[in-house]
There are 2 protein chains.
Amino acid sequence: MSRRSGILEFAVLGLLRESPMHGYELRKRLNTSLGVFRAFSYGSLYPCLKTLVQQGWLIEEPGNPPEDPLAAPLAGRRGKIVYRLTAEGKEHFEELLAQTGPDAWEDEHFGIRFAFFGQTSRDVRVRVLEGRRTRLEERLAKMRASLARTRERLDDYTLELQRHGMESVEREVRWLNELIESERAGRDRRETGEEPPSEHRSPDTGGLPRHQGETLPDPSDDTT
Amino acid sequence: MSRRSGILEFAVLGLLRESPMHGYELRKRLNTSLGVFRAFSYGSLYPCLKTLVQQGWLIEEPGNPPEDPLAAPLAGRRGKIVYRLTAEGKEHFEELLAQTGPDAWEDEHFGIRFAFFGQTSRDVRVRVLEGRRTRLEERLAKMRASLARTRERLDDYTLELQRHGMESVEREVRWLNELIESERAGRDRRETGEEPPSEHRSPDTGGLPRHQGETLPDPSDDTT
DNA sequence: TTCGTCATGTAATGGGTTACATGATTAC
DNA sequence: GTAATCATGTAACCCATTACATGACGAA
């Protein structure tokens with residue numbers, strides 16, 4: 001039982017916006033491109049797809065995705081299902097993208113949101129990046145306060161844990177600063193939607209901060 | 001319904017090994033010392049405590065912890081409960097500490113395990129650190145392979161996400177290397193159990209690698 | 001006397017995983 | 001013909017959270 005995930009929903013809509021796909025294929029992309037940070041199983045994916053169809057954001061079509069349209073209608077047997085984003089789904093995804101509320105700044109969501117940054121405006125990107133930075137700075141302040149308060153009774157390892165944790169968060173903040181600066185400088189990025197000629201990719205931005213090591217339960221099958 | 005957590009169980013036993021506590025107090029420590037990396041709520045803590053009692057690893061005592069033994073037996077009302085580690089619990093915790101199986105190297109577990117490193121032997125510490133390093137190196141290899149394979153179709157943001165993620169993991173590996181070296185060099189650390197004079201804390205080790213930013217749902221009350 | 005904090009709990013829910021069950025298609 | 005991989009799904013479970021319910025105790 002999963003039904004309506006949140007971030008999984010977001011990622012599914014985002015991937016299907018590019019092109020229709022099988023659930024199987026979807027899961028593979030979820031666990032490679034995005035899956036460096038997060039892996040999903042069929043047990044959550046397929047139920048999620050069902051509810052997205054119920055919402056009217058996706059439609060199911062029999063057969064294979066555009067690349068190999070050889071598959072006959074195949075009415076009887078269980079058959080393959082291609083999921084395609086509807087107009088409503090597209091609209092809904094755009095709303096999700098534009099959201100800058102607090103969950104856009106949460107650790108679990110930030111990475112995946114970032115991966116779809118190419119589909120929003122620079123304005124939204126900057127707001128989300130700043131929100132995330134604020135979050136991390138608050139966290140840092142708490143960590144520092146807590147460390148200053150209880151230093152004596154902590155042993156070496158716990159202390160080192162804290163120290164390294166703080167250092168990591170600090171580095172993440174620095175990285176966000178670079179990203180924000182880069183966005184503000186207005187490097188040649190697409191404003192929204194479609195891809196640019198895909199030639200010049202400005203090499204000066206940065207990458208995702210989230211868990212350097214979190215999740216990743218061994219994607220196991222991505223050997224294509 | 002939670003019952004038997006794994007890592008929560010581990011942390012609870014580890015904290016109670018130091019001294020008996022109330023559930024409330026336990027949760028506070030869980031969310032300060034350790035909570036920089038992970039927060040727990042009562043909804044998981046209290047049920048967990050119950051099952052640990054059932055296992056015979058803890059006993060419940062009425063009253064207050066050692067520091068203020070003023071509380072009368074208070075039979076009737078719901079009353080406070082102090083949880084104390086039993087001999088069996090202590091033994092069980094030591095077994096858990098000595099485990100070097102794969103879950104000792106998982107992201108979710110590593111941070112908390114590390115916090116209790118002071119209670120194991122150097123031997124176990126090194127094995128756990130090396131295991132973690134191996135894990136991360138495998139992950140890194142996969143990330144590199146995947147990146148090399150699919151580079152063209154990824155947009156700037158997804159690419160940057162990958163790049164930054166890899167960089168973080170690489171940094172974590174470097175940190176593990178320092179820790180391992182430091183352990184091997186045999187810096188003046190306690191071998192097991194009790195605290196040393198707590199004066200010289202070798203400043204050359206490092207800190208925890210796990211998620212720089214994961215979890216942390218705003219501990220909200222740690223102002224002591 | 002009321003507010004903050006200490007203190008213990010439960011029910012409903014969330015968002016996932018693992019293991020299982022099934023079967024089609026492709027490559028050798 | 002058989003193994004690998006493609007492909008879809010479900011049931012049982014896991015481990016947590018949130019919101020709720022209850023109440024004692026100290027300080028202003």
Side-chain angles (χ1 to χ4, degrees), chain A residues 1-12 21-28 30-31 38-51 53 60 62-65 68 70-72 74 76-83 103 106 108-109 214-224, chain B residues 1-12 21-28 30-31 38-51 53 60 62-65 68 70-72 74 76-83 103 106 108-109 214-224:
Chain A
M1 304 280 151
S2 179
R3 321 289 119 123
R4 293 239 26 195
S5 146
I7 195 60
L8 177 52
E9 171 188 316
F10 182 91
V12 164
M21 266 182 268
H22 291 144
Y24 185 88
E25 215 176 331
L26 211 50
R27 187 232 174 208
K28 207 159 70 173
L30 238 26
N31 291 220
R38 177 106 200 204
F40 294 99
S41 64
Y42 296 127
S44 49
L45 176 58
Y46 281 112
C48 173
L49 285 169
K50 290 289 170 212
T51 72
V53 168
E60 298 181 332
N64 290 315
D68 61 332
L70 358 136
L74 43 100
R77 41 233 176 96
R78 184 154 61 175
K80 302 182 183 184
I81 300 171
V82 174
Y83 292 90
D103 15 324
E106 297 286 339
E108 315 93 282
H109 296 8
E214 191 54 10
T215 321
L216 272 290
D218 218 299
S220 61
D221 52 316
D222 60 340
T223 20
T224 300
Chain B
M1 302 285 148
S2 179
R3 321 290 119 122
R4 292 242 27 195
S5 145
I7 195 59
L8 177 52
E9 171 188 316
F10 183 90
V12 164
M21 267 182 269
H22 289 144
Y24 185 88
E25 214 177 331
L26 212 51
R27 187 233 173 207
K28 207 159 69 175
L30 238 27
N31 290 222
R38 176 108 201 202
F40 294 99
S41 64
Y42 296 126
S44 49
L45 176 59
Y46 281 112
C48 173
L49 284 168
K50 290 290 172 213
T51 71
V53 168
E60 299 179 332
N64 290 314
D68 61 333
L70 355 137
L74 45 100
R77 42 233 175 99
R78 184 155 59 176
K80 303 181 181 184
I81 300 170
V82 174
Y83 292 90
D103 14 323
E106 297 287 339
E108 316 92 282
H109 297 7
E214 189 55 9
T215 321
L216 271 291
D218 217 301
S220 62
D221 52 316
D222 60 339
T223 20
T224 299

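In what follows, chains carry the letters A, B, and so on, assigned in the order in which the sequence lines appear, proteins first and then strands, with residues in each chain numbered from 1. Computation of the quantities below employed the complete heavy-atom set of this structure, encompassing side-chain atoms and omitting hydrogens, waters and symmetry-equivalent molecules.
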Is any side-chain heavy atom of A/Leu49 closer than 4.5 Å to a side-chain heavy atom of A/Val53?
-> no
Let me know the distance between CD of A/Glu108 and P of C/dG16, rounded to the nearest Å.
-> 10 Å
Among D/dA7, D/dA16, C/dC6, which nucleotide sits nearest the side chain of B/Leu8?
-> D/dA16
Return the nearest nucleotide to the side chain of B/Ile7; candidates are C/dT8, C/dG16, D/dA16.
-> D/dA16
Per atom distances to the A/Ser44 side chain, the nearest of C/dG9, D/dA7, C/dG16 is C/dG16
Identify which nucleotide among C/dA7, C/dG9, D/dT5 has an atom closest to any side-chain atom of A/Tyr24, counting heavy atoms from C-beta outward.
-> D/dT5
Of the candidate nucleotides C/dG16, D/dC6, D/dA16, which contains the atom at the shortest distance from the side chain of A/Arg38?
-> C/dG16
So, for A/Ala11 and A/Leu30, which heavy atoms are closest and what is the spacing to 0.1 Å?
-> CB-CD1, 3.8 Å
Measure from the side chain of B/Tyr42, starting at C-beta and using heavy atoms only, and say which of D/dA7, D/dG9, C/dG9 lies closest.
-> C/dG9
Between C/dT10, C/dT18, D/dA16, which nucleotide has the shortest distance from any of its atoms to the side chain of B/Phe40?
-> D/dA16
Taking the side chain of A/Tyr46 as its heavy atoms from C-beta onward, which of C/dT8, C/dT10, D/dT8 lies nearest to it?
-> D/dT8
If you measure from OH on B/Tyr46 to CZ on B/Phe40, what distance do you get to the nearest 0.5 Å?
-> 15.0 Å
Between NE2 of A/His22 and NZ of A/Lys28, what distance do you get to the nearest 0.5 Å?
-> 11.5 Å
Can you check the B/Glu106 CD to D/dC15 P distance for me, whole Å?
-> 13 Å
What integer distance in Å separates A/Lys50:NZ from D/dA11:P?
-> 13 Å
If you measure from CZ on A/Phe10 to CG on A/Asp103, what distance do you get to the nearest 0.5 Å?
-> 11.0 Å
Just how far, in rounded Å, is P of C/dT8 from CE of B/Met21?
-> 12 Å
When rounded to whole Å, the NZ to C1' distance for the pair A/Lys80 and D/dG9 reads 16 Å
Taking CG from B/Asp103 and P from C/dT17, how many angstroms apart are they, rounded to a whole number?
-> 17 Å
Taking atom C1' of D/dT5 as reference, at what distance in whole Å does atom CZ of A/Arg27 sit?
-> 13 Å
Quick one: does A/Val82's side chain get under 4.5 Å of A/Glu60's, heavy atoms only?
-> no
When the distance from NE2 of B/His22 to P of D/dG23 is rounded to whole Å, what number comes out?
-> 19 Å
Please tell me which of the listed nucleotides, C/dT10, D/dT10, D/dT17, lies nearest to the side chain of B/Pro47?
-> C/dT10
Between the first and last five pairs of the helix from C/dT1-D/dA28 to C/dC28-D/dG1, the angle of the axes, rounded to 10 degrees = 20°
How long is the span from the CD1 atom in A/Ile7 to the CZ atom in A/Arg38, to the nearest 0.5 Å?
-> 8.0 Å
